[in-house]
Amino acid sequence: MNNFEREASELKKYMLEAAKKVIDSGHYILGGELKSFESSWAQVCCCEYGVGVGNGMDAIEIILRSLNIGPGDEVITTPMTAFATVLAIYRAGAIPVLADIDSQTGLLSLESVANCVTARTKAVILVHLYGQMSEMNNWVNFTRESKIFLIEDCAQSHLAELENKRAGSFGIAGAYSFYPTKNLGAMGDAGMVVTNSIDVFNKAVCLRNYGQTERYHHPEIGLNSRLDEIQAAILSERIKWLQGYTDIRRQIAKRYRVEISNPLITHMLSPVDEKSHSYHLFVIRCEKREHLQKYLLDNNIQTLIHYPIPIHKQEPCLDVLRDKNGLSNAEKHAQTALSIPCNPQLTLMEVNKIIDAINRYS
Ligand SMILES: Cc1ncc(COP(=O)(O)O)c(C=O)c1O
């Protein structure tokens with residue numbers, strides 16, 4: 001699904017130089033490289049502030065805790081996400097509540113979220129699944145009217161854009177992951193909180209560093225979750241390649257949408273605006289998904305499933321609160337969704353081969 005060894009030798013050279021610069025500087029944590037990356041990524045995301053943290057899951061926990069969301073508070077999110085989204089809610093001490101997804105997009109259904117709101121609801125975590133943003137005005141209005149926070153899980157949506165605003169700038173804060181396989185990935189774990197709220201910014205800066213405000217003063221029970229200088233320097237190099245890589249992802253996705261045509265395959269709903277999708281993943285659906293997956297593997301085409309087990313079917317979450325109407329769309333999606341290769345290292349020949357193989361599937 002990814003071929004990092006194929007990345008341009010020029011990029012590798014710049015990343016090595018960036019890492020060497022940090023090693024030679026003797027300053028490895030909370031230094032100038034982090035400040036510089038925080039400022040450039042926040043700007044890319046149309047946000048005033050960025051707080052580099054250890055990973056995307058910590059970014060969500062830190063946002064929740066920055067908003068004083070914890071024990072007794074309910075946070076609504078989707079069962080069709082990485083386990084980390086929900087784990088972060090548990091880690092903050094809050095109560096996750098799962099709403100169903102829209103069957104056409106795979107994204108949270110606003111109608112189902114509305115069913116889940118109670119007097120204890122403090123926030124919705126909107127996951128821009130596979131890299132797509134949709135109906136952001138509706139989400140902003142709904143959460144404002146319901147007097148709850150809108151938090152964006154942007155782990156898959158680097159550079160996704162709608163009405164000239166980027167993922168992470170619609171709600172109170174956005175959580176980014178720079179896990180190596182993400183569209184903007186580090187050489188290890190990394191994440192960021194982006195926000196336009198000075199209060200969230202100040203609290204997140206404190207929480208990521210043991211709840212410390214000044215040396216040896218700890219007004220909060222914080223975490224140790226800092227994005228280190230080497231990762232920040234590497235990300236600052238990789239950021240320069242991100243737009244080009246995203247353009248390639250979008251071109252591949254466009255070809256898949258137009259050229260994959262097989263009665264056994266269903267496409268997800270096309271985004272209204274191409275820029276609103278960053279195509280971290282390209283997902284198709286098939287009733288005989290396992291059969292298709294094996295057929296593709298026999299043709300040397302790797303695929304993955306995002307996600308085969310919805311959150312409420314995971315062992316620790318069997319009793320999780322949920323929409324009283326059930327989560328049947330998420331369950332169906334989990335049985336039929338298949339992610340096919342969509343990354344900037346794919347060659348034209350490989351894309352042709354993938355399209356051809358899927359069209360020949362019977
Ligand atoms: C939607 C989503 N949220 C959160 C995360 C967590 O990010 P990380 O692995 O950096 O903790 C991921 C990454 O797997 C993700 O895909």
Side-chain angles (χ1 to χ4, degrees), residues 1-2 37-38 41 45 50-65 75-92 94 96 98-99 101 105-108 123-134 139 150-160 167-168 170-171 173-194 204 207-208 223-228 231-232 234-235 238 249 268 277-283 304-312 314 317 330 333-334 337 339 342-343:
M1 293 288 283
N2 285 292
F37 177 61
E38 284 174 333
W41 188 247
C45 299
V51 183
V53 297
N55 53 68
M57 185 181 83
D58 284 0
I60 301 171
E61 179 185 340
I62 288 172
I63 292 170
L64 290 168
R65 294 186 54 193
V75 177
I76 304 170
T77 194
T78 169
M80 190 43 58
T81 184
F83 196 65
T85 310
V86 176
L87 192 47
I89 301 173
Y90 284 118
R91 302 264 323 158
L98 302 179
I101 58 169
T105 61
L107 301 174
L108 255 184
V124 175
I125 300 181
L126 191 60
V127 179
H128 300 313
L129 191 70
Y130 308 144
Q132 57 185 331
M133 289 201 295
S134 172
W139 282 108
L150 176 62
I151 298 167
E152 296 174 70
D153 181 339
C154 310
Q156 304 184 355
S157 58
H158 309 74
L159 293 196
F170 290 88
Y176 275 92
S177 165
F178 306 115
Y179 184 78
T181 57
K182 301 301 189 210
N183 288 23
L184 178 63
M187 300 271 131
D189 277 307
M192 196 181 290
V193 172
V194 294
L207 284 172
R208 75 167 171 195
L223 294 79
N224 177 352
S225 185
R226 301 171 297 220
L227 200 174
D228 67 66
Q231 296 303 342
I234 284 171
L235 284 161
R238 296 186 71 84
R249 285 177 188 273
M268 307 291 295
H277 205 320
S278 63
Y279 292 102
H280 173 58
L281 295 165
F282 190 94
V283 173
L304 286 171
I305 300 168
H306 298 91
Y307 294 90
I309 308 171
I311 301 292
H312 57 292
Q314 298 286 353
C317 304
H333 189 75
S339 309
C342 182
N343 65 69

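Computed from heavy atoms alone, side chains included, the values below leave out hydrogens, waters and symmetry copies. In each ligand, atom 1 is the first atom listed, and ligand 1 is the first ligand listed.
No side-chain donor-acceptor contact under 3.5 Å links T181 and N2.
Under the 4.0 angstrom criterion for non-hydrogen atoms, F83 is not in contact with ligand 1. Residue contact check for ligand 1: H280 places no non-hydrogen atom closer than 4.0 Å to it.
Centroid-to-centroid, the aromatic rings of W139 and F170 stay 6.0 Å apart or farther.
In summary, the atoms of ligand 1 found under 4.0 Å from a heavy atom of M57, numbered by their order in the structure, are 6 (C), 7 (O), 8 (P), 11 (O).
Looking at ligand 1, you won't find any N or O of T81 less than 3.5 Å from one of its N or O atoms.
Ring geometry for W41 against F178 counts as perpendicular: the plane angle is over 60°, on a 0 to 90° scale with 30° as the lower cut.
Residues meeting the side-chain contact (heavy atoms from CB on, under 4.5 Å) test with A123, sequence neighbours left out: I69, V75, F149, I151. By the ring pair (Phe, Tyr, Trp, His ring centres under 6.0 Å) test, H128 is found to be paired with no residue, residues two or more places apart in sequence or in another chain being considered.
The protein atom (non-hydrogen) at minimum distance from atom 14 (O) of ligand 1 is K182 NZ, 3.1 Å. The protein atom (non-hydrogen) at minimum distance from atom 4 (C) of ligand 1 is D153 OD2, 3.6 Å. Among all non-hydrogen protein atoms, the one lying nearest atom 2 (C) of ligand 1 is A155 CB, 3.4 Å.
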